[in-house]
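See below for the structure under consideration.
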Amino acid sequence: MDYDHVLIALAGVWGAGAGAVVARAGRRGAGTALLVVLVCVALAVATGIRPELAVWLLLAPIALLPAATDLALPATGVALALLGIVRLLPEHAGHWTTALLGALALGAGYYGLSRLDPGGGGLGPGEVRLAVGAGVALGWYGWPTLMLGAFAGFVLRGCYGFYARYGFHGRYGGVLGRRRRADVRFGPFLLAGALLGLLVGAYTA
């Protein structure tokens with residue numbers, strides 16, 4: 001039996017159920033539910049049959065909930081506790097100590113940035129809490145994965161800012177671009193960058 005395919009199928013089933021809950025909680029459409037499925041399947045493909053996959057599959061739907069910023073710190077505590085168990089199991093590919101230090105480092109970094117420019121760039125207390133949780137997942141696979149995930153978030157935000165400034169045309173293009181740059185939060189880019197870093201870290205571990 002090809003256990004990888006079974007694992008991917010199970011991740012897809014989990015993602016479908018969790019995605020339905022996330023979509024209903026956020027009063028969103030099928031696109032949100034599909035996104036959760038795709039994220040869960042991608043995590044299964046990258047991580048393979050390793051015990052930490054269960055933690056990633058648990059965190060992924062929480063990160064996509066509308067209340068993700070409020071749930072970030074409790075979810076971080078749960079993730080650290082579960083990873084503490086995972087490190088005792090065979091076949092895991094991470095380090096609990098760097099997961100803890102990664103949470104502290106990334107959280108401190110985002111806190112510093114938010115204090116340098118309060119409210120600027122979409123950085124606020126919610127993003128700091130998300131960074132703490134992202135630091136746990138990224139730090140599990142080591143400092144290079146943490147730096148990759150953090151850097152990817154800023155690159156994605158920069159790409160969006162460039163598009164918002166130069167990608168809108170027409171009579172109201174400039175106004176729309178300025179408004180969208182001002183209103184957008186950094187959280188989605190932080191999470192997207194963390195996902196990219198986590199996928200690379202899991203695949204190469």
Side-chain angles (χ1 to χ4, degrees), residues 1-26 28-68 71-72 74-96 98-99 102-103 106 130 133-153 155-156 187-205:
M1 179 182 293
D2 192 336
Y3 290 103
D4 286 338
H5 290 167
V6 173
L7 186 68
I8 293 170
L10 290 175
V13 172
W14 162 259
V21 173
V22 170
R24 181 174 297 180
R28 298 170 182 170
T32 298
L34 179 60
L35 177 61
V36 177
V37 173
L38 293 176
V39 169
C40 290
V41 169
L43 287 169
V45 171
T47 309
I49 306 176
R50 294 189 186 127
E52 64 262 28
L53 175 62
V55 183
W56 309 152
L57 293 179
L58 177 64
L59 292 179
I62 296 175
L64 295 172
L65 283 169
L71 297 172
T76 298
V78 172
L80 281 171
L82 292 176
L83 290 173
I85 298 173
V86 166
R87 68 174 175 170
L88 303 176
L89 301 176
E91 303 299 328
H92 73 272
H95 304 279
W96 189 88
T98 53
L106 201 59
L130 288 177
V136 169
L138 294 169
W140 174 257
Y141 290 118
W143 295 110
T145 299
L146 179 73
M147 291 186 288
L148 173 62
F151 181 70
V155 169
L156 291 172
F189 305 102
L190 187 161
L191 292 174
L195 175 62
L196 289 174
L198 183 60
L199 291 175
V200 173
Y203 186 77
T204 57

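Values in this document were obtained by computation on a predicted structure and should not be read as measured data.
For A11 against A44, the heavy-atom pair with the smallest separation is CB-CB, 3.6 Å. The nearest pair of heavy atoms linking A93 to A205 is CB-CB, 3.8 Å. Summarising the geometry of A25 relative to L65, their closest heavy-atom pair is CB-CD2, 4.0 Å, with the distance given to 0.1 Å. The two residues A60 and V39 make their nearest non-hydrogen contact at CB-CG1, 3.9 Å. Smallest separation of non-hydrogen atoms from R50 and E91: CG-O, 3.5 Å. Closest heavy-atom contact between I62 and A75: CG2-CB, 4.2 Å.
The structure places CG of L58 at 11.0 Å from CG of L53, a figure rounded to the nearest 0.5 Å. Rounding to the nearest 0.5 Å places CG of L190 at 11.5 Å from CG of L195. Atom-to-atom distance recorded for L146:CG and L198:CG is 11.5 Å, nearest 0.5 angstrom. If you take CD1 on I85 and CD on E52, they are separated by 13.5 Å, rounding to the nearest 0.5 Å. Between the CG atom in L43 and the CG atom in L57 there is a gap of 6.0 Å [rounded to 0.5 Å]. The CG atom of L156 lies 10.0 Å from the CZ atom of F151; values are rounded to the nearest 0.5 Å.
Not a single donor-acceptor pair under 3.5 Å links the side chain of W96 to the backbone N or O of R87. T145 places no side-chain N or O within donor-acceptor distance of the main-chain N or O of L138, the cut-off being under 3.5 Å.
The aromatic rings of W140 and H92 sit tilted, their planes meeting at an angle between 30° and 60°.
Put simply, the residue from I49, V45, T47, V41 that forms a side chain to side chain contact (heavy atoms under 4.5 Å, CB included) with L7 is I49.
Side-chain contact between L35 and V22: absent, with no pair of heavy atoms (C-beta onward) separated by less than 4.5 Å.
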Requested in this report: In sequence, state the C-alpha distance, the side-chain angles, and the governing distance for L191 and L130, and then conclude on side chain to side chain contact (heavy atoms under 4.5 Å, CB included).
Outcome: CA-CA 8 Å; L191 292 174; L130 288 177; 4.3 Å; yes
